[in-house]
There are 4 protein chains.
Amino acid sequence: MARSTLDAIYYGAIEAFSEKGYNDTSMDYVAEKAGVAKGTLYYNFKGKDELFLYVMKRGAHSLTDVITNVFDQPADPVTKWRNYISTQLAFFEQNRSFFRLIMQNMWGPNLLESVTLHELFHDYFVRMDQELQKAQELGLLSESMDISTLSASIFGMLTIPAIRSIVHDLPIDEEKRVNSITHTVLQSFKGGETI
Amino acid sequence: MARSTLDAIYYGAIEAFSEKGYNDTSMDYVAEKAGVAKGTLYYNFKGKDELFLYVMKRGAHSLTDVITNVFDQPADPVTKWRNYISTQLAFFEQNRSFFRLIMQNMWGPNLLESVTLHELFHDYFVRMDQELQKAQELGLLSESMDISTLSASIFGMLTIPAIRSIVHDLPIDEEKRVNSITHTVLQSFKGGETI
Amino acid sequence: MARSTLDAIYYGAIEAFSEKGYNDTSMDYVAEKAGVAKGTLYYNFKGKDELFLYVMKRGAHSLTDVITNVFDQPADPVTKWRNYISTQLAFFEQNRSFFRLIMQNMWGPNLLESVTLHELFHDYFVRMDQELQKAQELGLLSESMDISTLSASIFGMLTIPAIRSIVHDLPIDEEKRVNSITHTVLQSFKGGETI
Amino acid sequence: MARSTLDAIYYGAIEAFSEKGYNDTSMDYVAEKAGVAKGTLYYNFKGKDELFLYVMKRGAHSLTDVITNVFDQPADPVTKWRNYISTQLAFFEQNRSFFRLIMQNMWGPNLLESVTLHELFHDYFVRMDQELQKAQELGLLSESMDISTLSASIFGMLTIPAIRSIVHDLPIDEEKRVNSITHTVLQSFKGGETI
DNA sequence: CATGAATGAGGGTTCATTCAT
DNA sequence: GATGAATGAACCCTCATTCAT
């Protein structure tokens, strides 16, 4: 199959980088995990940077797919957000080490000259902004709320508890966590007279 | 003065690490920024890890000071949380590159064998948990909320928008952002019948 | 046509090697310049060494052709030598980068186990030795002169000024140079009482 | 002594490069020959290029010393040129592999961005040009001769026979060679009516 | 206390060569 | 005949660490 070598590299690289982080992962180790020779990595990618970026891009894409699928379903807004939260948390749970990798590298200096890893998640935030816009138009969300701040906040409400428990490698009462976060997120939509 | 060399190292190191991140900062560069010889770093610290940890500890301490000072003030809970948010955001703004450094390294694999950087922020979360506990006891916060999830969520509501704007190096309408986040946080305290 | 692939390789290789030298020319680059796949190079040649040797041999052959054509013309000796010089210099001028390539590799360690590149020019020196022998027999050249030293000297009188101006990429008063060198060479034939 | 490490590197490097040429000499091999660790090479030089250039510069300097010493002696011009030839040839003989190294690299592409190795020999040719100028003023050399061509030619008359015999590793009748070349060089000074 | 020359393990990258198609 | 994906040995270089001064 045409993609087989590339796929082997992808899965080996995601495993290697997730385990050790970008800097502590040697190309030798990636090659070993991928089951290919080191030269093959360089035959398919210009260098470590480009390989890493490829991994992150494929990963960011699958992350964005989650949000897209949820919000494209026909459902009332509250159900959508509830689904978004539980689906996203489940995704993090199923891809613990990769999610951790993302959180490590989202804030770094530019990896390549012009591309911040953060930009990879541009689509993600765009989709969330759209949905918040809709909520605002429906009167579910106060007009005074700054949408791009809120989308980042919601992302934070979700991810920080998730990454925190992952870093500590603690088992979590999944249902309780989903409920708490759902509550937090949905409350943030309500009323505007809190200040 | 006894502390002068150590201080020179501290300030040089924080500058160097903030600029380039842990891995891309060489001991040579730290020495240059600190204005001391490389050997002096090793005279004062066992190695790069220990030096970095020292920097992060002093930094985490000053971060924790913020939350402590705010919550120790006599004030009603709502005012306290409002102050906490604005003070914390101001701290991030004043220490942009160091805050970025923290966010990069909070989720990493254990830096030394037994110490996760995240543990450095243990005190921070403990203090917040205490305050949330109080709020719960005062009936400001629903009994059903999971406190450790909520404290992480609140941290996320604050930091992700902040780090996002720092990474993108965008100027921000500070007041609007504080208001949006304050609203979000305080709303999360309200009612429990959202689910 | 049978020779077309081989010729494509030859012209691509001579261009590539002349531009970058032996070591800095990759087989990939030769393949690109030749417009064939890398595997094709290995289908036609055992390896890089053999390919390079082939290029040098074809080149050395055309260099030797020059000297042969000149000395095979019926003319008096002085005219012959004058023609030799101007023709040779013109050849260098028309094949600047290839000539430079030759001069770089003439003195190296043996490229293959048993073949020095210098030996490629064996025919060249043999032909010159013959002509000097004739001159000696005609009494044009002192009996005391060592012919193999002289042929090398003459080659040096020609090539060093040529390569020097090529390396410096300087425009040259061609006529003046030919005259100077012709004078130098022909003078070396005269008298024997200088020592 | 302050220079001892640098000297060890110098002598090790000259030995290594002379034996294998620039490209086929690894930094590991230089370190081994020099009796220092590889890191020491990089502590003292930016890279392989700079180290090589240093070696060539020190070498070019000692080559230039020869010509300077000879021509600074009080003697009649003919004696000077005779001494120059024999001294230079002796120098080549005593530094066979280094001389070969020079001849290999004199014609290469620029090693660093702005410095051609050939420029290292600038002083050498300047000194020879001065001496030829003097000869012209004394009437020993025809006014019509192009000096910079002639200095290169003389260098060629000397070096090509020398390098040729070195490459072929042939024993040479030293005296006969000196005589032949001296004759050739001195003859080139005479008369101008050959053309 | 402080220094900086010296070290060497380890990493990213190149590239001549092979071989299944 | 020709191809190009795959290989892995070898190379240049970095940098945390040591230690004699």
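Each chain gets a letter, A, B and so on, in the order its sequence line appears, and its residues count up from 1. Note that the coordinates shown come from a computational prediction; the quantities given were computed from them, not determined experimentally.
- The C1' atoms of E:dC1 and F:dT21 are separated by 13 Å, rounded to the nearest whole Å.
- Residues D:Leu6 and D:Tyr54 meet the side-chain proximity criterion, which asks for heavy atoms closer than 4.5 Å.
- Heavy-atom distances to DNA chain E give each of C:Ser26 and A:Asp28 a nearest nucleotide, and the one nearer the 5′ end belongs to A:Asp28.
- Nucleotide E:dG8 holds its P atom 19 Å from the OH atom of D:Tyr29, rounded to whole Å.
- By the 4.5 Å heavy-atom criterion applied to side chains, C:Glu15 and C:Tyr11 are not counted as neighbours.
- In this structure, the side chains of A:Tyr22 and A:Gln104 stay at 4.5 Å or more apart for every pair of heavy atoms.
- Atom CG in C:Asp49 sits about 14 Å away from atom C1' in E:dC15, given to the nearest Å.
- Side-chain contact check for D:Phe98 versus D:Met56: some heavy-atom pair is nearer than 4.5 Å.
- Considering B:Lys38, B:Glu19, B:Lys20 as possible partners of B:Tyr29, the one that fulfils the side-chain hydrogen bond (donor to acceptor under 3.5 Å, both in side chains) test is B:Glu19.
- Considering only side-chain atoms of B:Thr40, the nucleotide from F:dA2, E:dT13, E:dA2 that sits closest is E:dA2.
- Across the protein-nucleic acid pair, A:Met27 atom CE and E:dT14 atom P stand 10 Å apart, rounded to whole Å.
- Along DNA chain E, the nucleotide nearest to B:Val36 and the one nearest to C:Gly39 differ in position, and the one closer to the 5' end is contacted by B:Val36.
- In this structure, CD of B:Glu50 is placed 14 Å from C1' of F:dA16, rounded to the nearest angstrom.
- Contact of A:Lys48 with E:dT13 (side chain to base): no donor-acceptor pair of N or O atoms is detected under 3.5 Å.
- Side-chain N/O atoms of C:Asn44 include none lying less than 4.0 angstrom from OP1 or OP2 on F:dG1.
- With contacts defined as side-chain heavy-atom distances shorter than 4.5 Å, the pair B:Lys33/B:Phe17 does not qualify.
- Rounded to an integer number of Å, the gap from C:Tyr43 OH to F:dG1 C1' is 4 Å.
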Next on the checklist: Pairs counted only when both distances fall under 3.5 Å, Watson-Crick or G-U: show me the 5' to 3' dot-bracket for DNA chain E, [ ] for pseudoknotted crossings and | for other-strand partners.
Outcome noted: .||||||||||||||||||||
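- Here the P atom of nucleotide E:dC15 and the CG atom of D:Asp24 are 14 Å apart, to the nearest Å.
- With distances taken from any side-chain atom of D:Ala37 to the nucleotides E:dG8, F:dT17, E:dT18, the minimum falls on E:dG8.
- The distance between atom CG of A:Leu41 and atom P of E:dT14, rounded to the nearest whole Å, is 13 Å.
- Rounded to whole Å, atom P of E:dA2 lies 10 Å from atom CG of B:Leu6.
- Checked against F:dA6, E:dA9, E:dA2, the side chain of D:Lys38 finds its nearest nucleotide in E:dA9.
- One finds a side-chain N or O of B:Thr5 lying less than 4.0 angstrom from the OP1 or OP2 phosphate oxygen of E:dA2.
- For the pair A:Ile102 and A:Phe121, the minimum side-chain heavy-atom distance is below 4.5 Å.
- Between D:Asn23 and A:Tyr42, the residue whose closest nucleotide on DNA chain F is further toward the 5' end is A:Tyr42.
- Using a 4.5 Å heavy-atom cutoff, the side chains of B:Leu51 and B:Asn44 are not in contact.
- If you check every strand for non-hydrogen atoms under 4.0 Å, C:Gly47 touches sugar and phosphate atoms only.
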